[in-house]
Amino acid sequence: MHFKTLATYISVLSNANSSSPFQHTQVLPFVALVVDLGVNYVQHSSADLFLTVQNSYLQIVKNKQYDMHVEVTTLKQENDKTFGNEDRMFEGYKTSEGFRREDFAKMNSFLGEEILRTADDTQLEYFTEEYDDIKFQGLRHDVTARQLAEVKLLDRLTIEELRSGQKTINEVQKSLEKFLTKPTAIAGLYLESSKEILSFALAVKKRIIGKALALAFLEAQAATGFIIDPTTGQKFSVDDSVVRELADNEFKSRLHEAEKAVLGYCCSGKVLSVYQAMEARLVERQKGKNILEAQIASGGVIDPIRGVRVPPETAVQLGLLSNTILKFLHEPSSNAKCFHNPNNRKAMYYCDLLKMSLFSVGSKCFLLPVGERKISSPSAEKSHKISVVDIKTGAEMSSYEAYQKKCVDKATYLELSKQEFDWKESTCFDSDGNSFLLLTDLKTGVQFNIEETLNQGRIDRAVVNKYKEGLITINEFGDILLTSSQPNKDLKSPIAGFWLSETNERIPVLKASRKNLVDRVTALRCLEAQVSTGGIIDPFTGKKYSVSEALQRELIDDGCAKQIQQCELIFTGIIHPVRNTVMSAVEAMSVNALDKEMGMRCLEYQYLTGGLIDPKSHSRLTMEDAIKSGVIDAVTATKMKDEKMYVKVITCPKTKKKLTYKEALERAVFDCHTGLRLLEAAQPMKTGISSLYYAS
């Protein structure tokens with residue numbers, strides 16, 4: 001690496017930031033930093049070095065307002081950061097002699113000028129000191145329009161509308177309440193049995209939870225804004241909450257320490273955020289990560305100087321957070337789960353507990369349900385989980401029901417809906433080249449072909465037109481589709497796939513095996529049952545496919561296809577080698593045209609899912625009719641009726657116990673989206689030595 005190249009980097013950064021507050025007093029330390037990088041990282045590419053220099057430069061600029069010492073991150077750590085799409089971009093620009101002039105132009109156009117500046121300088125210049133007169137209520141004190149613009153919560157157009165009277169301060173305050181005054185932490189408990197709301201302090205007195213658990217939730221409240229009265233939604237400082245008995249006096253010192261995450265940590269006369277206090281070693285690193293995780297989950301990283309919550313991406317730009325911490329915030333090896341579910345004591349992240357929480361219509365805050373009913377837990381048999389409660393009426397509703405009944409406003413509904421679903425629209429093409437609109441929930445895997453739902457009469461075209469015109473959001477459209485699509489239970493369904501209860505995700509058999517949710521033998525037996533009763537099933541749509549079609553759609557792989565090919569013949573029919581007629585499975589086994597063990601398994605699958613299937617007509621037959629038509633003989637039929645003869649061919653993906661296929665069917669749940677059976681799975685099994693193909 002040439003020092004000439006380093007000098008070029010300094011020049012490029014300085015020119016790009018000519019209007020930034022980078023003073024001459026900071027140039028020498030920065031040059032020293034660059035020289036140090038050149039000496040110590042000479043083995044790295046120019047692209048990597050430029051990224052390191054640029055990010056270090058940005059940290060110095062962005063933290064100027066806090067007058068803090070910025071610790072230079074190592075090159076390895078910088079490369080771990082997710083600053084936009086830089087990793088992919090830089091692959092095309094690595095050279096041994098540095099960047100070409102045209103490379104800088106490409107980089108600038110890709111990253112955008114806002115990344116090379118501390119903020120949008122053009123916009124901030126517009127917000128002069130006169131805009132300090134426009135004030136809003138922040139977390140603990142007033143915040144000006146200029147300060148909100150600095151953290152990109154207000155734009156120029158909104159300010160102009162405020163100045164002209166087109167919008168009121170109250171309207172803008174309402175639109176920004178998630179970042180300003182809204183109680184977004186878990187406020188208390190909801191007792192499912194009595195439909196009662198309890199503060200954490202009262203729950204301790206009633207011995208519903210222990211002191212340690214209550215303290216953790218109260219610390220989260222204090223660190224994310226304020227202590228909350230769950231019955232009224234009122235917000236208090238730590239001192240006031242102790243007076244009102246929302247927190248015990250013995251917790252006071254711990255809660256004051258947590259409250260510093262909102263008020264700021266004092267160091268040499270400066271006010272520091274949580275991350276900055278971590279860097280200054282005022283806050284233990286793991287404790288700081290737990291606070292940041294709770295803050296982001298409940299609305300954003302808190303800027304103690306301005307007294308607002310800011311989105312994590314903005315927090316990174318402001319020096320309130322690092323990309324590395326943000327990237328690994330939900331990695332247990334980097335950030336341990338420190339909150340516990342009061343129902344089972346399971347360690348969880350705060351964001352996951354918030355997803356389980358209910359929204360109280362009366363107090364307008366979040367409550368964690370406690371009890372055996374598990375009303376807010378995901379279910380494969382219900383299209384929506386309970387997420388809203390009205391204590392006055394005793395009603396427990398989904399967010400969509402609450403919105404329809406006008407119990408919650410649209411903003412609250414959409415916020416709750418987004419916790420449960422993540423809808424994405426895509427345009428697909430069929431085999432004839434015709435396009436169709438597909439709506440997919442990325443969380444559960446549920447899919448809707450819009451043209452099909454229209455043709456089936458499940459929704460009106462007027463609703464589709466409203467969605468296309470932007471009159472209803474994608475979440476509203478998804479909820480309408482879910483509500484209007486309630487198929488009957490398919491009692492003849494084999495196990496169509498697996499359901500992961502932790503995430504409410506539907507998983508095809510092959511994918512479940514690859515994710516080690518089920519063992520390979522179980523996966524193969526489930527695929528045998530599917531193909532011998534009509535075809536390989538896509539659990540997202542409920543559609544069935546032949547082996548060749550399923551292979552194209554990646555529902556199975558080559559190894560599976562080879563091992564279940566014969567099972568398909570039991571459904572479609574096996575041709576007699578001499579007479580050229582369709583044989584039954586029993587006849588095919590008698591002339592050795594079909595493996596006997598596999599044939600008996602497939603006949604058992606058919607019998608257990610509603611009756612043997614006539615390979616000629618594909619209709620289901622009772623055992624008596626099957627004997628009469630020659631599909632099965634009386635001796636084989638008698639054996640098949642004897643449950644003692646069933647072999648335990650399935651390993652339960654939840655309990656890991658061995659099951660017969662009949663027992664597996666009895667344990668399965670019917671999916672509310674397809675009407676087909678899904679077998680509940682738990683966390684992935686431990687991985688072993690992988691095999692190229694499934695073992696039979």
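Computed from a predicted structure; not experimentally measured. Index from 1, following the sequence.
- Remark: His384 engages Phe421 in a ring-ring contact (aromatic ring centres under 6.0 Å, His included) (not counting sequence neighbours).
- Within the structure, ring pair (Phe, Tyr, Trp, His ring centres under 6.0 Å) pairs that include any residue of residues 467-501 comprise Tyr467-Phe477 (at least two apart or interchain).
- Within a 6.0 Å radius of NZ in Lys443, more than 12 heavy atoms belonging to other residues, nucleotides or ligands are found.
- For residues 503-540, no pair satisfies ring pair (Phe, Tyr, Trp, His ring centres under 6.0 Å), with sequence neighbours left out.
- Residues satisfying the ring-ring contact (aromatic ring centres under 6.0 Å, His included) criterion with Phe571, sequence neighbours excluded, are His618.
- Other residues, nucleotides and ligands place more than 12 heavy atoms under 6.0 Å from the CD atom of Glu549.
- Side-chain atoms of Thr522 do not come within 3.5 Å of backbone N or O of Val518 as any donor-acceptor pair.
- Asp409 is linked by a salt bridge (Lys or Arg N to Asp or Glu O under 4.0 Å) to Lys174, counting only residues two or more places apart in sequence or in another chain.
- Scanning for ring-ring contact (aromatic ring centres under 6.0 Å, His included) contacts around Tyr607 gives an empty result, with sequence neighbours left out.
- Not one N or O on the side chain of Ser334 forms a donor-acceptor pair closer than 3.5 Å with the backbone of Glu331.
- No more than 12 heavy atoms of other residues, nucleotides or ligands lie within 6.0 Å of CG in Asn488, so this atom counts as exposed by the packing criterion.
- By the 30° and 60° cut-offs, the orientation of the rings of His673 relative to Phe448 is perpendicular.
- Partners of Glu624 by side-chain contact (heavy atoms from CB on, under 4.5 Å), not counting sequence neighbours, listed by chain and number: Thr622, Lys641.
- Counted within 6.0 Å of NZ on Lys374, heavy atoms from surrounding residues, nucleotides or ligands total 12 or fewer; the atom is thus considered open.
- Under the salt bridge (charged side-chain N to carboxylate O under 4.0 Å, His left out) test applied with Asp557, the options Arg520, Lys562, Arg514 reduce to a single match, Arg514.
- In this structure, Arg677 contributes its side chain and Leu491 its backbone to a donor-acceptor pair below 3.5 Å.
- In terms of the side chain to side chain donor-acceptor pair (under 3.5 Å) criterion, Lys424 has no residue partners (sequence neighbours excluded).
- Between Phe339 and Tyr349, the ring centre distance reaches or exceeds 6.0 Å.
- Thr651 and Lys658 share a side-chain donor-acceptor pair at under 3.5 Å.
- With sequence neighbours left out, Arg345 forms a side chain to side chain donor-acceptor pair (under 3.5 Å) with no residue at all.
- Evaluation of the salt bridge (Lys or Arg N to Asp or Glu O under 4.0 Å) rule for Glu476 yields Lys410 as partners, not counting sequence neighbours.
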(request) Start with the C-alpha gap between Leu414 and Tyr403, add the side-chain angles, then the distance that decides, and say whether side-chain contact (heavy atoms from CB on, under 4.5 Å) holds. (result) CA-CA 9 Å; Leu414 290 176; Tyr403 175 55; over 6 Å; no
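- With Glu568 contributing its side chain and Val547 its backbone, the two residues share a donor-acceptor pair below 3.5 Å.
- By the ring-ring contact (aromatic ring centres under 6.0 Å, His included) test, Phe366 is found to be paired with Phe359, residues two or more places apart in sequence or in another chain being considered.
- The salt bridge (Lys or Arg N to Asp or Glu O under 4.0 Å) check on Asp671 picks up Arg506, with sequence neighbours excluded.
- Around atom NZ of Lys466, no more than 12 heavy atoms belonging to other residues, nucleotides or ligands sit under 6.0 Å away.
- Counting non-hydrogen atoms of other residues, nucleotides and ligands closer than 6.0 Å to NZ of Lys639 gives a total of 12 or fewer.
- When atom types are taken as modelled, the side chain of Arg373 and the backbone of Glu192 share a donor-acceptor pair closer than 3.5 angstrom.
- Nearest heavy-atom pair across Ala585 and Leu603 is CB-CD2, 3.9 Å.
- Checked by atom type and distance alone, the side chain of Thr638 pairs as donor or acceptor with a backbone atom of Ala634 at under 3.5 Å.
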